[in-house]
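This report refers to the structure that appears directly beneath it.
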Amino acid sequence: MGASLGILGSTLQARAQDIRLTYQSWHLAEEPWATSLKQAFTEFEKLNPGIKVVPQPVSLGQRDVTLTTAIRAGRGPDIFQLDANPISQYIKEGWVKDLTPFLEKEGGAKAAMTDFYPTIRAAVENDGKVYGIPKNTAAMVLVYNKKRYEAAGVAQAPADWEAFRAASAALTRANKPGGVVDQWGTTLVLQPAGFDLRVSVILRGFGADFLTPDNKHSALNTPQAKEAFNYIVDLIQKDKVMPPGVSQVDANGARQFMAQSKVGMIFETMWALPIIHAINPAFGAWDNLAMAPIPVRKGENPKVRSTLYLDGLFMNPNTQNAEAAWKLLKFMTDRERMEKWFTDNNMLSARQSVNDNFKPIRESKFAQVVKDEIAYASFMPLIPQWPEILTAFRQNLQAAVAQTKTPEAALADAHSQVEAILAR
């Protein structure tokens, strides 16, 4: 009995000394990603006895407020996920830990990062130091419902914005003859969660952008920007090809509309398919959906027409378990995990070797469309002021949609506000 109690006491002591690593991600708040991540955590724990991974779900819209508040207070998760947009700000403010010393122990930072796309490496590096490990990448594309196209007589995916407008009008209809309109051509994402990736492709497809190439001035006063801005407002107000309440739609809301056959087209990418399937398996996302490049102005071929997505993993500078956190970060971004991530979640890897050599990626018709669009995609401006700039633009677009400002006044205000932000 005494011996048994002694063994039990030793076991309890060992468990009390287990390292607990917190891992924050918006993917933990969504399926099927959450299940895939938790499976990876279980595998990591088996390979690393004594380390326990504690999932911390967070909504994408609340991520930065929650995270930065905690880090400033000396707390926060050990490992967390970021997309490309706020990385520069996090590096500038010291909210992410320099990973270069860990990489040097792995044979050198340069060698360790070679497998990642050069553009993607640049997003997590600053002044010769590496602050994050890229995980996934994608370019935004047009996702459309083939059955809705057929029913509305739309022969093919629109290659230009005139055709997109015509297709949106044709797809906006009543499901029952003589009934009220209950199916729409498209929807936009006007809430913060997902706004940047989706509205930006319309700007870029018109040959416009938010900032000048040197990121020093607003580019919202160009004729192309005005045309794109008015086009967005007209789709909503004049053409009425979007469901009512579009101002409240976030990324998941748009996918909900698609899963219920309420819209025929959305701007999305690889991850949309498993998410839409999870929302409504009966919809048949893998069979009913198709992908095509972002439309452009008729007769033009802009160098950049899409927006590049990246997410990566970062370490909290406040972590008390840096070595264990590095093990987890390295495990979650290795080649095997990225291959499984594609199998589970239809996400391309930030590792070029995975996208080029993994057979399921090579054989996926969806993956090939998105891979090809990467050549025509770029990140949003990777500068610390970007989150504030994006908010200014979004709020003014919302004002134009709500008709509290004319489109001309809203875009002019956005331009002047962005200029003021950059001038500080």
Side-chain angles (χ1 to χ4, degrees), residues 30-33 36 117 120 135-160 163-164 167-168 171 185-187 194 197-198 201 204-205 251 254-255 257-261 263-296 301 304-311 335 337-377:
E30 300 173 330
E31 291 293 352
W33 293 334
S36 187
Y117 291 94
I120 289 171
K135 192 170 183 286
N136 304 111
T137 192
M140 301 305 291
V141 296
L142 178 66
V143 177
Y144 62 94
N145 183 328
K146 293 184 293 184
K147 285 187 177 180
R148 291 283 313 278
Y149 266 40
E150 184 179 353
V154 179
Q156 61 187 13
D160 59 66
F164 182 87
S168 296
L171 291 164
T186 187
T187 189
L197 292 173
R198 292 153 182 88
V201 300
R204 290 175 164 182
R255 294 187 286 253
F257 279 131
M258 179 61 84
Q260 303 301 331
S261 291
V263 299
M265 302 182 289
I266 55 175
F267 297 110
E268 266 290 350
T269 191
M270 298 290 295
W271 58 65
L273 291 161
I275 296 175
I276 291 170
H277 175 77
I279 292 170
N280 181 17
F283 173 71
W286 298 97
D287 295 324
N288 290 340
L289 295 180
M291 295 181 176
I294 297 297
V296 297
N301 186 27
V304 175
R305 66 188 180 211
S306 182
T307 299
L308 195 60
Y309 171 84
L310 161 71
D311 69 57
R335 186 173 289 104
R337 244 51 54 191
M338 291 191 178
E339 289 176 353
K340 189 174 188 302
W341 196 249
F342 177 82
T343 302
D344 290 351
N345 305 294
N346 208 43
M347 284 285 285
L348 291 178
S349 172
R351 290 185 179 272
Q352 193 164 355
S353 64
V354 173
N355 293 342
D356 291 344
N357 301 318
F358 189 44
K359 187 177 179 182
I361 291 179
R362 296 202 316 267
E363 294 178 347
S364 166
K365 61 183 179 180
F366 302 108
Q368 295 313 305
V369 172
V370 174
K371 275 187 64 179
D372 290 347
E373 198 71 353
I374 287 174
Y376 297 93

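Numbering of residues begins at 1 and proceeds along the displayed sequence.
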Task: Test item: M140 and R204 side chains (from C-beta on) under 4.5 Å apart, heavy atoms - done: no

Open item on the list: Could you measure the distance from the NE2 atom of H277 to the CZ atom of F283? Nearest 0.5 Å is fine.
Closed with: 11.5 Å

Task: Separation of S364 OG from W286 CH2 (nearest 0.5 Å) - done: 7.0 Å

Task: Shortest non-hydrogen contact between V143 and T269, atoms and distance - done: CG2-N, 4.4 Å

- [ ] Compare all side-chain heavy atoms of L289 with those of M258 and state whether any distance is below 4.5 angstrom.
- [x] yes

Open item on the list: Quick one, P32 and N345 - any side-chain contact, counting heavy atoms below 4.5 Å?
Closed with: yes

Task: Within-4.5 Å side-chain heavy-atom neighbours: L273 and M291 - done: yes

Open item on the list: Could you report the tightest heavy-atom contact between F164 and P295, atom names first, then the distance?
Closed with: CD1-CG, 4.2 Å

- [ ] Indicate the ring-plane relationship of F358 and F342, choosing parallel, tilted or perpendicular according to the 30° and 60° boundaries.
- [x] perpendicular

Open item on the list: Distance check, rounded to the nearest 0.5 Å: T307 atom OG1 versus E373 atom CD?
Closed with: 10.0 Å

Task: Minimum side-chain heavy-atom gap L142-P158 below 4.5 Å - done: yes

Open item on the list: For a side chain to side chain contact (heavy atoms under 4.5 Å, CB included) check, start with the C-alpha distance between R148 and V154, then their side-chain angles and the critical distance, and finish with the verdict.
Closed with: CA-CA 8 Å; R148 291 283 313 278; V154 179; over 6 Å; no

- [ ] Determine, step by step, whether D344 and R337 satisfy the salt bridge (Lys or Arg N to Asp or Glu O under 4.0 Å) criterion, reporting the C-alpha distance in whole Å, the side-chain angles of both residues, the deciding distance to 0.1 Å, and the verdict.
- [x] CA-CA 10 Å; D344 290 351; R337 244 51 54 191; over 6 Å; no

- [ ] Determine, for Y376 and R305, whether the Lys NZ or Arg CZ falls below 6.0 Å from the six-membered ring centre while staying within 45 degrees of the axis.
- [x] yes

Task: Side chain to side chain, F366 and V141, heavy atoms closer than 4.5 Å - done: no

Task: Exceeds 12 heavy-atom contacts within 6.0 angstrom, atom CD of Q260 - done: yes

TODO: Grab the two heavy atoms, one from G194 and one from A251, that are nearest each other, plus how far apart they are.
DONE: CA-CB, 4.1 Å

Open item on the list: Working to the nearest 0.5 angstrom, can you tell me the gap between K135 NZ and L310 CG?
Closed with: 11.0 Å

Open item on the list: Can you give me the closest heavy-atom contact between I374 and A139, atom names plus distance?
Closed with: N-CB, 3.7 Å

Open item on the list: Working to the nearest 0.5 angstrom, can you tell me the gap between R351 CZ and R335 CZ?
Closed with: 5.5 Å

Open item on the list: Donor-acceptor check, side chain of N136 to backbone of D311, threshold 3.5 angstrom: yes or no?
Closed with: no

Task: Under-4.0 Å salt bridge between D287 and K147 - done: no

Open item on the list: Is it the case that the side chain of T137 and the backbone of Y309 share a donor-acceptor pair, with hydrogens and angles ignored and the cut-off at 3.5 Å?
Closed with: yes

Task: Inter-residue atom distance N357.CG - S349.OG, 0.5 Å rounding - done: 11.0 Å

TODO: Kindly indicate whether the side chain of D356, heavy atoms from C-beta on, has any atom under 4.5 Å from the side chain of K371.
DONE: yes

- [ ] Determine the interplanar angle of the W341 and W33 rings, folded into 0 to 90°, and report it as parallel if under 30°, tilted if 30 to 60°, perpendicular if over 60°.
- [x] parallel

Task: Nearest atoms (heavy-atom pairs only) where Y117 meets N355 - done: OH-ND2, 2.9 Å

- [ ] For residues R198 and W271, report the shortest heavy-atom separation together with the two atoms involved.
- [x] NH2-NE1, 3.7 Å

Task: Beyond-backbone contact of L348 with I361, side-chain heavy atoms, under 4.5 angstrom - done: yes

